[in-house]
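Have a look at the structure below before the remarks.
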Amino acid sequence: MNQQGGESDGRGGVEVSKDRNGIEQVILRNNRGASARVSLHGGQVLSWKTERGEELLFTSSKAIFNPPKAVRGGIPICFPQFGNRGSLEQHGFARNRMWTIDKNPPPLPNESNAKPHIDLLLKPSEDDLKIWPHRYFEFRLRVSLAAEGYLSIISRVRNVNSKPFSFSFAYHTYLSISDISEVRVEGLETLDYLDNLYQKERFTEQGDALTFESEVDRVYLDSCNTVAVLDHERKRTFVIRKDGLPDVVVWNPWEKKAKAVGDLGDEEYKQMLCVDGAAVEKPITLKPGEEWTGRLELSVVPST
Ligand code: TA6
């Protein structure tokens, strides 16, 4: 068993390598052959595969793998700001920074170290403190892969010794789907949502599952902690479980917006859907010494 929970049979485990730009990335494998890949750039999960090697996350064919821009796909971390309301760049700076491997993280309660996992750490640079002053934070990220193949991401943000500060957050999760017309989302029925297409005006979702016929860019508020994304054609359902993340962002750019997004193929809106565990409407406030934990667990199950 190596220090990050690698398994003895040599197939499961943790491997540190570099991508084509020399950026370090970590590959997690479980004993059944499932895998996940995390880049130290942005702490971004870039891949999550089943034991049959099937990719479950979307990555644009036009993705740019050159820092500081975040790769279009996988699970970029939006921190300390979700969206473009605020003084920071869209979705904050964490996804555009180099993280480090945290070799001696504080213990995580209720989290087994036996699973292949990696711990990453982000602290504010001098430049970060210029654009987000007096916020001395430590952001610890744990990505792990369970024996059953589900992916777990745990964020811990601690106010080290600053005055109280607030932030918004999202795991910007690009799910790979067969076709946007074949997909529905369950678990958001009857919730209120802020609609980005109508200046974040508040609406209420009707009573049945969410399906897609045009651009959707919404923040569903105070959702329950489980949301399901059913892909009828692939006969599989993504199950998204979250904790510490009251909101759910749902985004599909549809045809017109997809053409306007330079690092997204014109037709690729059909193969992706973002369903993000998030904390947007009510930013999280931390007093000195306080720590927030946001957990996300993604699994995929067969469904008719
Ligand atoms: O709601 C998700 C969203 O804020 C959309 O408005 C769209 O901008 C998307 O994020 C992608 O943002 P990005 O900065 O990654 O291009």
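Below, all heavy atoms of this structure are taken into account, side chains as well, without hydrogens, waters or symmetry copies. Read the numbers this way: they start at 1 and go in the same order the structure lists the ligands and their atoms. Residue numbers run from 1 in the order of the sequence given.
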- request: Report the relative orientation of the aromatic rings in Trp48 and Phe238; use parallel for angles under 30°, tilted for 30 to 60°, perpendicular for over 60°.
  value: tilted
message: Run the salt bridge (charged side-chain N to carboxylate O under 4.0 Å, His left out) test against Lys200 and tell me which residues pass, sequence neighbours left out.
response: none
- line: Sorted by chain and residue number, the side chain to side chain donor-acceptor pair (under 3.5 Å) partners of Ser162 (sequence neighbours excluded) come out as none
message: I need the contact type for Val249 against ligand 1. Using non-hydrogen atoms and a strict under-4.0 Å cut-off, is it side chain, backbone, both or neither?
response: side chain
- request: Would you mind telling me if ligand 1 is within reach of the side chain of Asp276, the backbone, both or neither, using heavy atoms under 4.0 Å?
  value: neither
- request: Assess Arg72 for proximity to ligand 1: is some non-hydrogen atom of it under 4.0 Å away?
  value: yes
field: Non-hydrogen atom of His172 closer than 4.0 Å to ligand 1
entry: yes
- prompt: Do we see a donor-acceptor contact under 3.5 Å between the side chains of Asp263 and Ser60?
  reply: no
- prompt: Any side-chain donor paired with an acceptor under 3.5 Å for Asp179 and Gln271?
  reply: no
Numbering as shown, the atoms of ligand 1 that approach Asn196 to under 4.0 Å (heavy-atom distance): 6 (O)
statement: Quick note on ligand 1: atoms under 4.0 Å from a heavy atom of Phe82 include exactly 1 (O), 2 (C), 4 (O)
Nearest to [atom], what protein heavy atom do you find, and at what distance?
atom: atom 15 (O) of ligand 1; result: Arg95 NH1, 2.9 Å
atom: atom 8 (O) of ligand 1; result: Gln90 NE2, 3.0 Å
atom: atom 6 (O) of ligand 1; result: Asp217 OD2, 2.5 Å
atom: atom 10 (O) of ligand 1; result: His91 NE2, 2.9 Å

task: Under the side-chain hydrogen bond (donor to acceptor under 3.5 Å, both in side chains) rule, what do Asp127 and Ser125 come out as? Steps first, then yes or no, please.
output: CA-CA 5 Å; Asp127 287 346; Ser125 65; 5.1 Å; no
message: Are Trp99 and Val157 linked, directly or through intermediate hydrophobic residues, by side-chain heavy-atom contacts shorter than 4.5 Å (ILVMFWY only)?
response: yes
